[in-house]
Amino acid sequence: MENIKYLLRIPLFYGLPDNQLLEISRLLLERSYQKGRIIFMEGEPGEALYILKSGLIKLTRRSEDGREHILHFVNPGEVFAEVVLFDGGDYPATAEVQEDCVVGILRNQDIERLISQNPGMAVAMLRIMSRRLRAAQEKVMHLALHDTARRLAFTLIKMAEDHGITKPGGIYINFNLTNQELANLTGSTRETVNRMLSSFKRSGAIEVDRQRIVIVDKKKLEDLLR
């Protein structure tokens, strides 16, 4: 029953009848992972779709020169690794646990059978993939066309939208984000990010509270994108 209540809050399963939700809940394998664990590696055979129930997960890829590029931070309620269901290939990214997490796992063979019974699930999954593709295209555009300050401003605004909590004093990005991770998100170096963050602080756009970035004046960041 608890799994059914959880599934009802996930867009992928909106509108499914109770009997199918019950079947999915029976197929859903649950695993707990501690911070720092790798759930799957880029290039490993893609065997399942994942749903994050709690915690935070980082999806990354490695470039040919070995540098890490952060693709996405997965929030609770999000589906990830869904692409392997359609192409049957390897995992296109590495999933690393950022905060202790609990994930639900649905094996490809089980999902394929469920989709054959309910085509609406396939449409919902394609919508999820479309949103990811649009976000990736937007990120590529900013990386290609903008300087470091603009790329960093865009990234901070996006992180605030996806992970921000509004409190007195500003919008708190609700997890610790190292300067190296910001560099990996923006295609820059840690030293450059350090300088840009100091500049943003001097301008009054951001503050740092207990290693968490607080956007004090979002408009000042948005002005950089114009």
Find the distance between [atom1] ([X]) and [atom2] ([Y]) and round it off to the nearest 0.5 Å.
X    : Y    : atom1 : atom2 : result
E112 : L49  : CD    : CG    : 11.0 Å
M196 : T186 : CE    : OG1   : 10.5 Å
D162 : H72  : CG    : NE2   : 7.0 Å
I171 : I213 : CD1   : CD1   : 12.5 Å
R195 : L152 : CZ    : CG    : 12.0 Å
L56  : F175 : CG    : CZ    : 5.0 Å

Any chance you could lay out the side chain to side chain contact (heavy atoms under 4.5 Å, CB included) test for L106 and L28, step after step, and finish with the verdict? CA-CA 5 Å; L106 284 170; L28 195 66; 3.6 Å; yes
[X] (side chain) donor-acceptor with [Y] (main chain) under 3.5 angstrom:
X    : Y    : result
R212 : I173 : no
T155 : R151 : yes
N75  : H163 : no
Y33  : E96  : no

Quick one: do R107 and D110 satisfy salt bridge (charged side-chain N to carboxylate O under 4.0 Å, His left out)? Show the steps, please. CA-CA 5 Å; R107 296 176 299 178; D110 294 328; 3.1 Å; yes
Looking at every non-hydrogen atom in both residues, tell me the closest pair between [X] and [Y] and how far apart they are.
X    : Y    : answer
L7   : S25  : CD1-N, 3.9 Å
I39  : C101 : CD1-SG, 4.5 Å
A81  : Y50  : CB-CD1, 3.9 Å
S188 : T148 : OG-CG2, 3.7 Å
A160 : I215 : CB-CD1, 3.6 Å
L71  : A93  : CD1-CB, 3.8 Å

With clusters defined by side-chain heavy atoms of hydrophobic residues (ILVMFWY) lying less than 4.5 Å apart, directly or transitively, does [Y] cluster with [X]?
X    : Y    : answer
I157 : I70  : yes
L156 : L224 : yes
L59  : V97  : yes

Mind checking side-chain contact (heavy atoms from CB on, under 4.5 Å) for E42 and listing every partner two or more places apart, or none if nothing turns up? R61, R62, T94
Only counting residues at least two apart or in another chain, list the ones meeting side-chain contact (heavy atoms from CB on, under 4.5 Å) with S54. V102
Can I get a per-line list of side-chain donor-acceptor pairs under 3.5 Å for residues 197-208, giving both atom names and the distance, sequence neighbours left out?
from : atom 1 : to   : atom 2 : distance (Å)
S198 : OG     : N194 : O      : 3.1
S203 : OG     : F200 : O      : 2.8
S203 : OG     : A205 : N      : 3.4

Test log, rule side chain to side chain contact (heavy atoms under 4.5 Å, CB included), inputs E47 and F40: CA-CA 10 Å; E47 299 174 342; F40 54 77; over 6 Å; no
Qualifying salt bridge (Lys or Arg N to Asp or Glu O under 4.0 Å) pairs with a residue from residues 164-192, counting only residues at least two apart or across chains: K58-E181
Scan residues 25-41 for pairs that pass salt bridge (Lys or Arg N to Asp or Glu O under 4.0 Å), counting only residues two or more places apart or in two chains. E30-K53
Assess the side chains of Q180 and N184: does a donor N or O sit below 3.5 Å from an acceptor N or O? yes
R113 vs E23, test: salt bridge (charged side-chain N to carboxylate O under 4.0 Å, His left out). Steps then yes/no. CA-CA 11 Å; R113 180 166 54 82; E23 183 176 6; 2.6 Å; yes
Which ILVMFWY residues can you reach from M41 by hopping between side chains whose heavy atoms are under 4.5 Å apart? I38
Evaluate the side chain to side chain contact (heavy atoms under 4.5 Å, CB included) criterion for residues F73 and I57: first the C-alpha distance (whole Å), next the side-chain angles of each, then the deciding distance (0.1 Å), finally the verdict. CA-CA 6 Å; F73 286 96; I57 289 171; over 6 Å; no
Intermediate values then yes/no, side chain to side chain contact (heavy atoms under 4.5 Å, CB included), L177 and L182: CA-CA 7 Å; L177 194 63; L182 278 172; 3.4 Å; yes
